[in-house]
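Read through the structure below, which is laid out as C-alpha cells, and then see the notes.
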Amino acid sequence: MNKLSLLIVLITFTACQKKAEPIQNQTTKDSHSFSNSSEAIVKHLDLDIKVDFDTQTISGKASWTIDNISKGNEIIFDENTLNITKVTLGDDEKETKFELGNEIELHGKPLHITIEPNTTKVNIYYNTTKDGVALQWLKPEQTADKKYPFVFSQGQSIWSRTWIPCQDSPGVRFTYNAKVTVPKDLIALMSAVNPQQKNDTGVYTFKQEKAIPSYLMAIAVGDVEFKSIDNRTGVYAEHSVIDKAKWEFAELGKMVYAAEKLFGSYRWGRYDVIVLPPSFPFGGMENPNLTFLTPTVLAGDRSLTSLLAHELGHSWSGNLVTNASWDETWLNEGFTTYVEHRIGEEVFGVNEAQMQDVLSRKVLQNNLDELGIESPDTRLKIDTSGKNPDDGLSDIPYEKGYAFLQTIETAVGRKKFDAFITNYFNDHAFQSVTTEEFVDYYNKNLIKGDKALADKIKAEEWIYKPGIPSNIITPVSEDFNTIDAIQKTWRKTGINGLNQKIKSTNEKQHFIDYLPKDLTVEEMTAIDKEFNFTNGGNFVVKRQWFIIAIQHQYKFAYPAIEQFLTSYSRTYSLTPLYKKMIKTPEGKVWAKQIYAKAKPGYHATTVEALEKILK
C-alpha cells in the first residue's frame, strides 16, 4: 500500500479495545496465523462461490490441494467470523471432522480439520457473515453511478480469513482457480486473469497461475466497464468514471516499461487497475494483475498518478518477493518505496524525484517526532506478536526502509545496486523471505566480506535499532529551495503571481507545509484567492490545506472540509483532519457532527480509527 497518499493503515480494525493475546504456535514463523504450515501446507485453491447482495454474504466451497508434509492427521486453517458448515476430503468428498478452537481477539479461530496421511485435498463449505472485515458491501447510492450495489475485499494484513478459510500468512503461497456467480447485471473481477466485459450468465472463472500469499486474494463485484490503455494495461471503472480514469492513467504503460528497464521483466502478464467507489479506505492496494485504487487519485490533471508507481512497484517487491511475516513489513514497503522513487525518476524526471525525496524525509521526521527516536516501532524489523500487525503501523517501514536502500545505493553506486536488487528479485521470485534471509543475501552478494563497506552502510543499525543512523542521505531539491526563498519574502512582496511560480502538486504541498505558524485569516484568504486551494480538484493539496485551515480557523473552508470528510473513506487522509479538529471544544463538536453524517459511507477500518480519535 502507498505510504503518503494511501494509505497507510495507522490503526487496526478492533471489535473491542482488549489487546490481542499472542497466538501460541510453534510450527510457524508467523505469530498471526494458527496454521501448522510446517506440517501440512496448502498449495492450490479451487474456489466456487456465489455473491449474494440480498443477504450480503459470499457462500460456497474452498477446495484446497495440500501437501501433508508430516503425514499427520490434522491440518489447521485460519478463519474469522466465517460460518463453516461442512468439510470433506478428496474428490469423492468423504466427510471428515472439524473443530473450531478458542477465539483470539482480531485473529479469529483456528479451524482444526482431521485428515489422513495420504490426504491431498480438503473441501471446506462455508459462508461469510456481516461481521467479516475484508468485505465492504455498498448500496447503489454509495457508488459513483448510484444504480447497482458493489462489493470489494481488502485482505491485508490478516483479513482474508474473514472471507475465505485459508492459511492466512504471507509466508504461505498458493495458486488458485475460481468460479464466481454474481447477479447478471454485474461483473466479477479478482487478483487474477480477468474478463474485460460482462457475460450473459453472471458466472465468471479466474486463474492465478503465480503463487501468491492469502492477503493478495481479492475480489470486486459491481457495474464496471473496461478500457484498454495499451497492449497489457487498462482500467476498470464505473460508467461515469471510466473515460476520466483512462485519460488520467494514460502513462500507465510507460511506468511498466520503466520498471522493467530498471528491475527486470514484469512477471504477471497484464497490469490493470480498478477505480473503486469512495469508501475504499486506502489510496491503493497492489492485488496481482489488478491494483485497487481510490477515486481520489483522479485529479483531472494527472498530478497524482505517481501513486501508481508505488502499487506497480509491488509487482516486484511484495507480490513477487514477499515478507515472510508482518514483522518484516519493511521488506515489502521499504523496497517498494525505493522502486516507486526510481520509476518516478525514470518517467517524470530528476527534479520530480528530488522533490519526492524531500517530502519523504519530512514524512519520516514527522513519524520520528510522533513515536520518539527510542521507540522500538522505529526499527525496520519489528515485533508484532500479541497485537494486530496493522496496529500502530506508521511510515517507518516505508520511509526508513527507502532511506536505508538509498544509503546502500550511494555507498556502492547505482549501477551495482541495481544489479543487486534485480538479482535479489530474480533469486527469490515467488518466495517469502525474512529479514535475516535478506541480510544473509546482502552480505553474501553485496558486501562479500568488505568490512569497510559494511561499516559505511551500517545495515545492522538501520534494521535492528530504533531511530535513524547518522549516515542517512540528506536530499536536496532546487525547486523547493526556490519555494523556501519565496516563503521568506511573500509577506513583504505580496502573494499576487505566486501561482505562476508554484505550480506542481509537490511544490504546492511544500509551500503549504512551511507556511508561517502565525498565519492570519486575512493572509489565508489572499493565498486561497491566488491558488484556489479550498475548491481545487487535487486531493493531496486540499488535504494539506485543510489541516492549516482547521488549525487557523479559516471558516471559509469549512463547507469544503465537511464535503471532503463526508465524500471519501481514505483513513490516512481523514485522520489528521479529525485530530486537528478535536483540539478545540468547538472543533470537537463539529468533528462529531460530521462523523455522524459520514459514518455510513466509511469503511470499517476508517470507522474504528476515527472512533478512537473522537473518544
Side-chain angles (χ1 to χ4, degrees), residues 20-47 61-84 87-89 96-117 119-126 128 132-134 153 155-176 208 211-217 322-329 384-390 430-434:
E21 296 297 325
I23 294 175
Q24 299 300 321
N25 185 354
Q26 302 301 319
T27 63
T28 177
K29 295 178 181 179
D30 188 351
S31 64
H32 300 290
S33 174
F34 297 103
S35 63
N36 59 338
S37 57
S38 65
E39 299 173 8
I41 189 170
V42 298
K43 291 296 184 180
H44 176 79
L45 169 64
D46 286 297
L47 188 66
K61 177 173 69 168
S63 294
W64 288 99
T65 300
I66 71 167
D67 181 4
N68 188 1
I69 302 167
S70 67
K71 302 302 178 185
N73 295 311
E74 181 180 66
I75 185 169
I76 305 174
F77 289 83
D78 296 294
E79 78 82 25
N80 191 352
T81 70
L82 297 177
N83 178 32
I84 310 297
V87 180
T88 65
L89 303 181
T96 190
K97 294 180 180 179
F98 69 91
E99 181 182 12
L100 293 173
N102 294 329
E103 182 174 4
I104 290 182
E105 199 69 54
L106 309 174
H107 297 77
K109 302 175 183 177
L111 172 59
H112 299 267
I113 296 175
T114 300
I115 59 176
E116 299 170 357
T119 296
T120 58
K121 180 177 282 190
V122 176
N123 310 295
I124 305 172
Y125 291 80
Y126 75 101
T128 63
V133 176
S153 67
Q156 193 175 3
S157 298
I158 57 171
W159 305 124
S160 285
R161 67 189 71 176
T162 69
W163 78 282
I164 301 173
C166 56
Q167 293 188 323
D168 198 8
S169 167
V172 177
R173 307 178 74 100
F174 55 89
T175 55
Y176 77 86
Q208 178 54 268
I212 64 169
S214 55
Y215 77 90
L216 294 176
M217 284 291 298
T322 308
N323 47 224
S325 78
W326 299 113
D327 289 352
E328 17 259 335
T329 297
T384 61
S385 60
K387 58 184 179 182
N388 186 280
D390 288 338
F430 304 107
Q431 298 176 39
S432 300
V433 300
T434 66

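The first residue in the sequence is number 1, and the count goes up from there. Side chains are part of it too, since the values below use all heavy atoms of this structure and drop only hydrogens, waters and symmetry mates.
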Heavy-atom side-chain contact between [X] and [Y] under 4.5 Å:
{"X": "Leu89", "Y": "Asn123", "answer": "no"}
{"X": "Tyr125", "Y": "Thr88", "answer": "yes"}
{"X": "Asn68", "Y": "Ile75", "answer": "no"}
{"X": "Phe34", "Y": "Asn102", "answer": "no"}
{"X": "Ile113", "Y": "Ile124", "answer": "yes"}
{"X": "Pro389", "Y": "Ile158", "answer": "yes"}
{"X": "Lys97", "Y": "His112", "answer": "no"}
{"X": "Met217", "Y": "Leu45", "answer": "yes"}

Distance, nearest 0.5 Å, that separates [atom1] of [X] from [atom2] of [Y]:
{"X": "Ile69", "Y": "Asn36", "atom1": "CD1", "atom2": "CG", "answer": "9.0 Å"}
{"X": "Asn80", "Y": "Ser160", "atom1": "CG", "atom2": "OG", "answer": "11.5 Å"}
{"X": "Arg173", "Y": "Gln431", "atom1": "CZ", "atom2": "CD", "answer": "8.0 Å"}
{"X": "Gln156", "Y": "Thr329", "atom1": "CD", "atom2": "OG1", "answer": "7.5 Å"}
{"X": "Thr322", "Y": "Tyr215", "atom1": "OG1", "atom2": "OH", "answer": "4.5 Å"}
{"X": "Asp78", "Y": "Thr162", "atom1": "CG", "atom2": "OG1", "answer": "11.5 Å"}

With sequence neighbours left out, write down each residue that passes side-chain hydrogen bond (donor to acceptor under 3.5 Å, both in side chains) with [X], or none if nothing qualifies.
{"X": "Asn73", "answer": "none"}
{"X": "His44", "answer": "Asp46, Thr175"}
{"X": "Asp327", "answer": "Thr384"}
{"X": "Glu99", "answer": "none"}

What residues form a salt bridge (Lys or Arg N to Asp or Glu O under 4.0 Å) with Glu328, not counting sequence neighbours?
Lys381

Nearest heavy-atom pair of Pro213 and Phe174: which atoms, and what distance?
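Between these two residues, the closest heavy atoms are C-CE2, 4.1 Å.
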
Considering non-hydrogen atoms only, spot the tightest contact between Ile84 and Pro165 and give its length.
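Between these two residues, the closest heavy atoms are CD1-CB, 4.5 Å.
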
Given Asp30, which partner from the list Ser325, Ser432, Ser169, Ser37 fulfils the side-chain hydrogen bond (donor to acceptor under 3.5 Å, both in side chains) test?
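With Asp30 as partner, Ser325, Ser432, Ser169, Ser37 yield a single side-chain hydrogen bond (donor to acceptor under 3.5 Å, both in side chains), made by Ser169.
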
Angle class for the Phe77/Trp64 ring planes (parallel below 30°, perpendicular above 60°, tilted otherwise)?
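Taking Trp64 first and then Phe77, their aromatic rings sit tilted (interplane angle of 30° to 60°).
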
Test item: Tyr126 side-chain N/O and Trp163 main-chain N/O as donor-acceptor pair under 3.5 Å
yes

Donor-acceptor pair, distance only, cut-off 3.5 Å: does the side chain of Gln167 make one with the backbone of Ile76?
yes

Residues that Glu116 engages under side chain to side chain contact (heavy atoms under 4.5 Å, CB included), provided they are two or more places apart:
Lys94, Asn118, Thr119

For residues Asp168 and Ser214, is any side-chain donor paired with an opposing acceptor at under 3.5 Å?
yes

Knowing that exactly one of Thr114, Thr96, Ile66 qualifies, which makes a side chain to side chain contact (heavy atoms under 4.5 Å, CB included) with Val122?
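With Val122 as partner, side chain to side chain contact (heavy atoms under 4.5 Å, CB included) holds for just one option, Ile66.
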
